[in-house]
A.B. asks: 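Next up is a structure, given as structure tokens.
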Amino acid sequence: MENLREEKRPLNFIEQIIEDDINDGFSSDKLKFRFPPEPNGYLHIGHAKAFCLNFGLGAKYNAPVNLRFDDTNPSKEEQEYVDAIKYDLSWMGLKWAEECYSSDYFQQLYDWAILMIKNGRAYVDSQSSEAMATQKGTPTVPGTDSPYRNRTVEENLDLFNRMKQGEFKEGEHILRAKIDMKHTNMLMRDPIMYRVMHKSHHRTGNDWCIYPMYDWTHGESDYIEQISHSLCSLEFKAHRELYDWFLDQVCDASKIRPKQREFSRLNLNYTVMSKRKLMQLVEDKIVSGWDDPRMPTISGLRRRGYTPAAIHKFIDVAGVSKRNQMIDVALLESCIRADLNKTTNRIMAVLNPLKLVITNYPEGKTEVVMAENNPEDENAGHREMIFSREIYIEKDDFLEECPNKIFKLGIGKEVRLKHGYIINGVEAIKDADGNVIEVLCTYDEKSKSGSGTEESKRKVKGTLHWVSASHNIKAQVNEYDRLFSVEAPDGEKEIDFKSHINPNSLSILNDCAIELALKDAKPQDRYQFQRIGYFCVDDDSTAEHLIFNRTATLKDGWSKK
RNA sequence: UGUCCCAUGGUGUAAUGGUAACACUCCGGUUUUUGGUACCGUCAUUCAAGGUUCGAAUCCUUGUGGGACAACCA
């Protein structure tokens, strides 16, 4: 009976593989996963698929998940990125079993390499990279052997040792696995295991001047950590053969032999997802940094006001498969709206203020009106707002000649001020250019919201948000939109993706009037600006200068018509 | 002139040889003191051709289309 109550959830193909392994006798308490970022950039929503998958599996099977920094290339990797990655994962609510570094295994890797040389499975090559590239052939033409391929074990040992001692310049010698130069899989054509690099490493300092390559490092690191399932993206499919070959060189039958499986990367339309391109946006100052709210990075989404829950939900809904995904950013937006709709307090904020004077409201009078914080959450309570003779409404909410089907204030057309009174437009005051700079109106004093009067219950076409002209705080509001104006900015190789930048991806409004209730708002606080959208307090915001970032607009079924 | 992977509405994901479904998008409607939410509804799907089978989205073959593979990157 209990099983019937459990939600039936289809397994994705990775879970299916794991279930199959368990059914074939693999002990589920030996399950272990890892998330292996390279610390050479910030985590983005594409990585979220990988870490949500791995940590999700860990949670589902109650198995440990290691965080392993794949730090084998000191020319690109930095501590800054390590720290940022850890921060992002923690923010996402993920807890790794162990914090690991490939660089912790340099000695073990080196020892194994010596073993391979002794077994005749690795040799030192001393050609230029160009010569080696030529010998490597092409996908359709087999490669040819290096003239150094048959050096003696002694010579290889000596050379490799001297590489390690720092006797050679970068590029002079490398260590290669001895596999098969004619293999149909080019990765198997004597892949490079070590290169000389006279660079200081963010963790090992100057201890090493030879650094292992990805293929040699990754599978062995999985093996050292006893990872049962090593999940990576599709472009590593061809590497699997090499992954297995390297494992064959060191694997002890009594231990867990890691299994690599590949899933497709997540792509989002209207953005780019490669670290290189994101880095370019940062370096060219097209965005303010890795955490610019328009960036698809975790830090950018955070600053934009996204929640970990919404990101988890999005990844969950997007699913896992082997097909190339191009997910509609509308799905991401629907996830954050769904979350924020339930969790954020409503607030009134007038982004483009237009002064409105209620001529029959007593001068100097103010009154307190009660506003509910969140109609989706009865525990959210109420707050007080101050109503007065002069208030601000949205410029866009006034239309001099307003047809009744449009929910705006017009001359002779009534609207309701939310939580306030019903008003009727009387006169538009204009400047010399004909712009409306102030609107005079009258109010129905018996129509106060919540008063229970007949007048208050009238159906009125349109309800506006507002703030008292003398009781509000000024704020800056950053309206963010998608960074690119086309669905696939990097779709064509010949066209620079940066030529598709959306020139209107950010509009800064400096004269917004916000309800007093937000005077103590702190960075990361999130609100729904009623009738406008979801906003969060920017990290650079201060009490003296409040800054809000637009996370998402409210769905708008009208403006499109 | 190769090897490998993939192919289900516009997008993404299910259906594990037995009624092709769910989410998002789009469009329409009901409710509404947010043109929000909620609720209801419409449109729309198995790349093609053969084969196996009582029965194929699923298995096989061929074709077509898309993607990956020639960094001392990961």
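Chain A is the first sequence line, chain B the second, and so forth, proteins listed ahead of strands; every chain is numbered from 1.
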A.B. asks: How far, in whole Å, is rA14(B) from rG65(B) if one measures between their C1' atoms?
C.D. replies: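 Between the two C1' atoms, the distance is 23 Å.
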A.B. asks: For a quick check of understanding: with a heavy-atom distance under 4.0 Å over all strands, which category does K275(A) fall into, base, sugar-phosphate or nothing?
C.D. replies: nothing
A.B. asks: rG28(B) pairs with which nucleotide, Watson-Crick or G-U wobble, both distances below 3.5 Å?
C.D. replies: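 Across any shown strand, rG28(B) pairs with rC40(B).
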A.B. asks: Counting only distance, no hydrogens or angles, is the base of rU11(B) paired donor-acceptor with the side chain of Q325(A) under 3.5 Å?
C.D. replies: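 Absent.
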A.B. asks: Do the ring planes of Y211(A) and H201(A) sit parallel (below 30°), tilted (30 to 60°) or perpendicular (above 60°)?
C.D. replies: parallel
A.B. asks: Between rG63(B) and rC5(B), how many Å separate the two P atoms, rounded to a whole number?
C.D. replies: 15 Å
A.B. asks: Show the distances under 3.5 angstrom between N or O atoms of the protein and N or O atoms of nucleotides 37-41 of chain B.
C.D. replies:
| from | atom 1 | to | atom 2 | distance (Å) |
| --- | --- | --- | --- | --- |
| rU37(B) | O2' | N341(A) | ND2 | 3.2 |
| rU37(B) | O2' | E376(A) | OE1 | 3.3 |
| rU37(B) | O2' | E376(A) | OE2 | 3.0 |

A.B. asks: Identify whether any heavy atom of Q127(A) sits under 4.0 Å from a base atom; if not, whether one sits that close to sugar-phosphate; answer base, sugar-phosphate or nothing.
C.D. replies: base
A.B. asks: Could you tell me how far apart I17(A) (CD1) and rC5(B) (C1') are, to the nearest whole angstrom?
C.D. replies: 13 Å
A.B. asks: What's H465(A) touching, base or sugar-phosphate or nothing? Going by heavy atoms closer than 4.0 Å.
C.D. replies: nothing
A.B. asks: In whole angstrom, what separates E262(A)'s CD from rC69(B)'s P?
C.D. replies: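 E262(A) atom CD is separated from rC69(B) atom P by 14 Å.
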A.B. asks: In whole angstroms, how far is the P atom of rU3(B) from the NZ atom of K136(A)?
C.D. replies: 20 Å
A.B. asks: When you measure from the side chain of D397(A) to the backbone of I393(A), do you find a donor-acceptor pair of N or O atoms at a distance under 3.5 Å?
C.D. replies: no
A.B. asks: Tell me whether the OP1 or OP2 atom of rA70(B) has a side-chain N or O from R189(A) closer than 4.0 Å.
C.D. replies: no
A.B. asks: Quick one: I192(A) CD1 to rA70(B) C1', roughly how many Å, whole number?
C.D. replies: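 My rounded result for the distance is 12 Å.
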A.B. asks: From C-beta outward on K459(A), which listed nucleotide comes closest to its side chain: rG35(B), rU33(B), rU34(B)?
C.D. replies: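 Among the listed nucleotides, the one closest to the side chain of K459(A) is rU33(B).
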A.B. asks: Rounded to the nearest angstrom, tell me the gap between atom CG in L331(A) and atom P in rC26(B).
C.D. replies: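 About 12 Å, once rounded to whole Å.
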A.B. asks: Does rC4(B) have its OP1 or OP2 closer than 4.0 Å to a side-chain nitrogen or oxygen of K237(A)?
C.D. replies: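 Indeed not, no polar side-chain atom of K237(A) lies that close.
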A.B. asks: Counting only side-chain nitrogens and oxygens, does K457(A) get under 4.0 Å of the OP1 or OP2 atom of rU33(B)?
C.D. replies: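 For rU33(B), neither OP1 nor OP2 has a side-chain N or O of K457(A) closer than 4.0 Å.
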A.B. asks: When you match P139(A) and R416(A) each to their closest nucleotide on RNA chain B, which lands nearer the 5' end?
C.D. replies: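 Of the two residues, P139(A) wins.
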A.B. asks: Are the side chain of R346(A) and the backbone N or O of T344(A) linked by a donor-acceptor pair below 3.5 Å?
C.D. replies: yes
A.B. asks: Check whether Y101(A) forms a cation-pi arrangement with R203(A) (NZ or CZ under 6.0 Å from the six-membered ring centre, at most 45° off the ring normal).
C.D. replies: yes
A.B. asks: I'd like to know whether R34(A) forms a salt bridge (Lys or Arg N to Asp or Glu O under 4.0 Å) with E225(A), so could you lay out the CA-CA distance, the side-chain angles of the two residues, the decisive distance to 0.1 Å, and finally the verdict.
C.D. replies: CA-CA 9 Å; R34(A) 109 264 91 117; E225(A) 292 173 25; over 6 Å; no
A.B. asks: Could you tell me the separation between the OH atom of Y42(A) and the OG1 atom of T297(A), rounded to the nearest 0.5 Å?
C.D. replies: 9.0 Å
A.B. asks: Can you work out whether I532(A) or S334(A) has the more 5'-proximal nearest nucleotide on RNA chain B?
C.D. replies: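 Residue closer to the 5' terminus by nearest nucleotide: S334(A).
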A.B. asks: Ignoring hydrogens and geometry beyond distance, is the side chain of S449(A) in donor-acceptor contact with the base of rU33(B) at under 3.5 Å?
C.D. replies: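 Pair found.
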A.B. asks: Look through every strand shown and name the nucleotide pairing with rA48(B) as Watson-Crick or G-U wobble, where both distances are under 3.5 Å.
C.D. replies: rU62(B)
A.B. asks: Heavy atoms from C-beta onward define the side chain here; which of rU34(B), rC73(B), rG35(B) lies closest to that of N73(A)?
C.D. replies: rC73(B)
A.B. asks: Is the distance from OP1 or OP2 of rC73(B) to the nearest side-chain N or O of R195(A) less than 4.0 Å?
C.D. replies: yes
A.B. asks: Could you tell me how far apart L464(A) (CG) and rG35(B) (P) are, to the nearest whole angstrom?
C.D. replies: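 From L464(A) CG to rG35(B) P: 8 Å.
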A.B. asks: If you count every heavy atom of other residues, nucleotides or ligands that lies below 6.0 Å from K60(A) atom NZ, does the total exceed 12?
C.D. replies: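 Yes, enclosed.
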A.B. asks: Which value, in whole Å, describes the distance between the P atoms of nucleotides rU64(B) and rA23(B)?
C.D. replies: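 Those two atoms are separated by 38 Å.
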A.B. asks: Categorize G450(A) for me: base, sugar-phosphate, or nothing, with a 4.0 angstrom heavy-atom threshold over every strand shown.
C.D. replies: base
A.B. asks: For rC5(B), does either OP1 or OP2 sit under 4.0 Å from a side-chain N or O belonging to R265(A)?
C.D. replies: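 For R265(A), the contact criterion (side-chain N or O under 4.0 Å from OP1 or OP2 of rC5(B)) is not met.
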A.B. asks: Return the stacking result for rA74(B) and Y214(A): yes when the ring centres lie under 5.5 Å apart and the planes under 30°, no otherwise.
C.D. replies: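 According to the criterion (under 5.5 Å, under 30°), no, Y214(A) does not stack.
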A.B. asks: With rounding to the closest Å, how many angstrom separate the C1' atoms on rU61(B) and rA56(B)?
C.D. replies: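 Taking atom C1' in both rU61(B) and rA56(B), they lie 15 Å apart.
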A.B. asks: For R531(A) and rU34(B), what is the distance between atoms CZ and P respectively, to the nearest whole Å?
C.D. replies: 10 Å
A.B. asks: Using 30° and 60° as the class boundaries, would you call the ring planes of F35(A) and F51(A) parallel, tilted or perpendicular?
C.D. replies: perpendicular
A.B. asks: Could you give the NZ-to-P distance, from K461(A) to rU32(B), as a whole number of Å?
C.D. replies: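 Result: 12 Å.
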A.B. asks: Mind checking the P distance from rA57(B) to rC73(B)? Whole angstroms is fine.
C.D. replies: 49 Å
A.B. asks: Could you tell me the Watson-Crick or G-U partner of rA15(B), where both distances fall under 3.5 Å? Say none if there is no partner.
C.D. replies: none
A.B. asks: In whole Å, measure the gap between the C1' atoms of rA20(B) and rU13(B) for me.
C.D. replies: 13 Å
A.B. asks: Scan T138(A) against the nucleic acid and name what it touches under 4.0 Å (heavy atoms): base, sugar-phosphate only, or nothing.
C.D. replies: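 Answer is base: heavy atoms of T138(A) come under 4.0 Å of a base.
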A.B. asks: Measure distances between side-chain N and O atoms of Q16(A) and base N and O atoms of rU16(B), and say whether any donor-acceptor pair falls under 3.5 Å.
C.D. replies: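 Between rU16(B) and Q16(A), which were checked side chain against base, a qualifying N/O pair under 3.5 Å is present.
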A.B. asks: If we ignore angles and hydrogens, is there a donor and acceptor under 3.5 Å between the side chains of Q260(A) and K237(A)?
C.D. replies: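 No donor-acceptor contact under 3.5 Å links the two side chains.
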A.B. asks: Determine the Euclidean distance between corresponding P atoms of rC59(B) and rA44(B); express it in Å to zero decimal places.
C.D. replies: 28 Å
A.B. asks: Is it true that N23(A) and E19(A) share a donor-acceptor pair across their side chains at a distance under 3.5 Å?
C.D. replies: no
A.B. asks: Expressed as a whole number of Å, how far does the P atom of rC6(B) sit from that of rC60(B)?
C.D. replies: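 Approximately 11 Å lies between the P atom of rC6(B) and that of rC60(B).
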A.B. asks: Applying a 4.0 Å non-hydrogen cut-off, can you work out what Y211(A) is touching in the nucleic acid: base, sugar-phosphate, or nothing?
C.D. replies: nothing
A.B. asks: Look at S264(A) and rC5(B) and indicate whether a side-chain polar atom (N or O) is within less than 4.0 Å of OP1 or OP2.
C.D. replies: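 No, S264(A) has no side-chain N/O under 4.0 Å of OP1/OP2 on rC5(B).
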A.B. asks: Does H239(A) make a side-chain donor-acceptor contact with the base of rA74(B), cut-off 3.5 Å?
C.D. replies: yes
A.B. asks: For rG36(B), does either OP1 or OP2 sit under 4.0 Å from a side-chain N or O belonging to Q530(A)?
C.D. replies: no
A.B. asks: What is the nucleic acid contact for L187(A), judged by heavy atoms within less than 4.0 Å: base, sugar-phosphate only, or nothing?
C.D. replies: nothing
A.B. asks: Which residue is it: E367(A), E455(A), E454(A)? I am looking for the one with a salt bridge (charged side-chain N to carboxylate O under 4.0 Å, His left out) to K448(A).
C.D. replies: E367(A)
